[in-house]
Amino acid sequence: MFLKVQLPWNVIIAAENLKPGSLMLQRAILIRLLSDFAVKKATKDMGYFLAVTTLDKIGEGKVRQHTGDVLFPVIFNAVTFKVFKGEVLEGVVHKVLKHGVFLRIGPIENAYLSSSKMPGYVYVLGENPYFMSQKNHKIAKDVVVRVVVIGTKWMEAEREFQALVGLEGDYLGPISSPDM
């Protein structure tokens, strides 16, 4: 789910980048904020950071003692993406294994769809393995699949989420294939 959040942040501007004129200073603060924001990637509480939408307030700068750099407290709005249990999402299959498939769902690289959560599908071995249902619906590499989120896990070291998804529900399953 996409969320709109308001965040406080501290932006540090190197002393050599400080020039007279408020527009250049605002530009330097914004560029540094965007750079720091991109590196942060995600947090457990807010999900993946996608975009800064508005810069609402730039506080008064405080000079740091030993470096001479200036710390500016800022408040801005951003868009984040966080997955919730029970949410229905669409993902693209990028790896097919005997016991299930891995999907990419937005910024989530590893959403796992277990074969036990694909009722009516059987694994078909071959050069390009896939899962096939009795209704001839095929789940293979590069197929878009609509799934429901069963659970999520925050991986602190990688700063990313993993998700377990399933096809148990109405209107879930493959919705497009690379053959179309």
Side-chain angles (χ1 to χ4, degrees), residues 1-97 100-114 117 141-166 175:
M1 175 180 294
F2 293 101
L3 305 172
K4 181 180 176 185
V5 295
Q6 187 173 59
L7 298 169
W9 207 277
N10 289 323
V11 176
I12 298 171
I13 303 294
E16 58 267 11
N17 293 339
L18 295 172
K19 296 183 176 37
S22 65
L23 277 179
M24 293 306 283
L25 180 58
Q26 283 181 337
R27 183 173 186 265
I29 291 170
L30 183 58
I31 289 170
R32 183 60 191 252
L33 172 64
L34 292 172
S35 172
D36 292 350
F37 186 78
V39 170
K40 185 80 168 173
K41 189 175 177 183
T43 67
K44 183 178 182 179
D45 296 331
M46 295 191 197
Y48 291 90
F49 295 124
L50 299 181
V52 173
T53 54
T54 59
L55 178 57
D56 296 336
K57 182 182 175 197
I58 300 174
E60 189 174 316
K62 297 180 179 102
V63 178
R64 299 179 99 191
Q65 284 286 331
H66 302 290
T67 62
D69 298 344
V70 181
L71 183 139
F72 291 93
V74 299
I75 297 175
F76 64 96
N77 287 315
V79 176
T80 65
F81 178 80
K82 186 170 182 187
V83 179
F84 294 96
K85 183 178 177 178
E87 188 174 10
V88 174
L89 299 168
E90 294 175 3
V92 178
V93 176
H94 68 90
K95 189 186 285 185
V96 179
L97 305 169
V101 298
F102 283 97
L103 301 107
R104 286 189 181 99
I105 301 174
I108 298 173
E109 288 289 321
N110 292 309
Y112 182 65
L113 172 57
S114 170
K117 296 298 180 182
K141 190 170 193 268
D142 298 326
V143 171
V144 178
V145 182
R146 185 174 293 130
V147 295
V148 63
V149 177
I150 297 168
T152 62
K153 182 178 181 183
W154 170 248
M155 307 298 288
E156 184 65 45
E158 295 86 10
R159 302 200 60 74
E160 66 182 22
F161 287 91
Q162 290 181 341
L164 180 62
V165 297
I175 56 175

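Across E60 and F72, no two heavy atoms sit closer than the pair C-CD2, 4.4 Å. Of all the heavy atoms in A78 and L7, the pair that sits closest is CB-CD1, 4.5 Å. Taking each heavy atom of L3 and K82 in turn, the nearest pair found is CD1-CB, 4.2 Å. Contact between E90 and I105 at its shortest, heavy atoms only, is O-CG2, 3.7 Å. Residues V165 and L113 approach most closely at O-CD1, 3.4 Å, considering heavy atoms. The shortest non-hydrogen separation linking Y48 to R159 is CE2-O, 4.5 Å.
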- Under the side-chain hydrogen bond (donor to acceptor under 3.5 Å, both in side chains) rule, what do D56 and T54 come out as? Steps first, then yes or no, please. CA-CA 6 Å; D56 296 336; T54 59; 3.0 Å; yes
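Annotation: the span from R104 atom CZ to N110 atom CG amounts to 8.0 Å, rounded to 0.5 Å.
The number of heavy atoms from other shown groups lying within 6.0 Å of NZ (K44) does not exceed 12.
Judged purely by atom type and a 3.5 angstrom limit, T53 uses its side chain to pair as donor or acceptor with the backbone of N77. A donor-acceptor pair under 3.5 Å links the side-chain atoms of E87 to the main chain of M1, judged by distance alone. Of the possible donor and acceptor atoms, none in the side chain of Y112 sits under 3.5 Å from a partner among the backbone N and O of Q162.
Exactly one residue among N10, I58, V74 makes a side chain to side chain contact (heavy atoms under 4.5 Å, CB included) with L33. That residue is V74. Partner of V70 under the side chain to side chain contact (heavy atoms under 4.5 Å, CB included) criterion, chosen from I12, V63, L25: V63.
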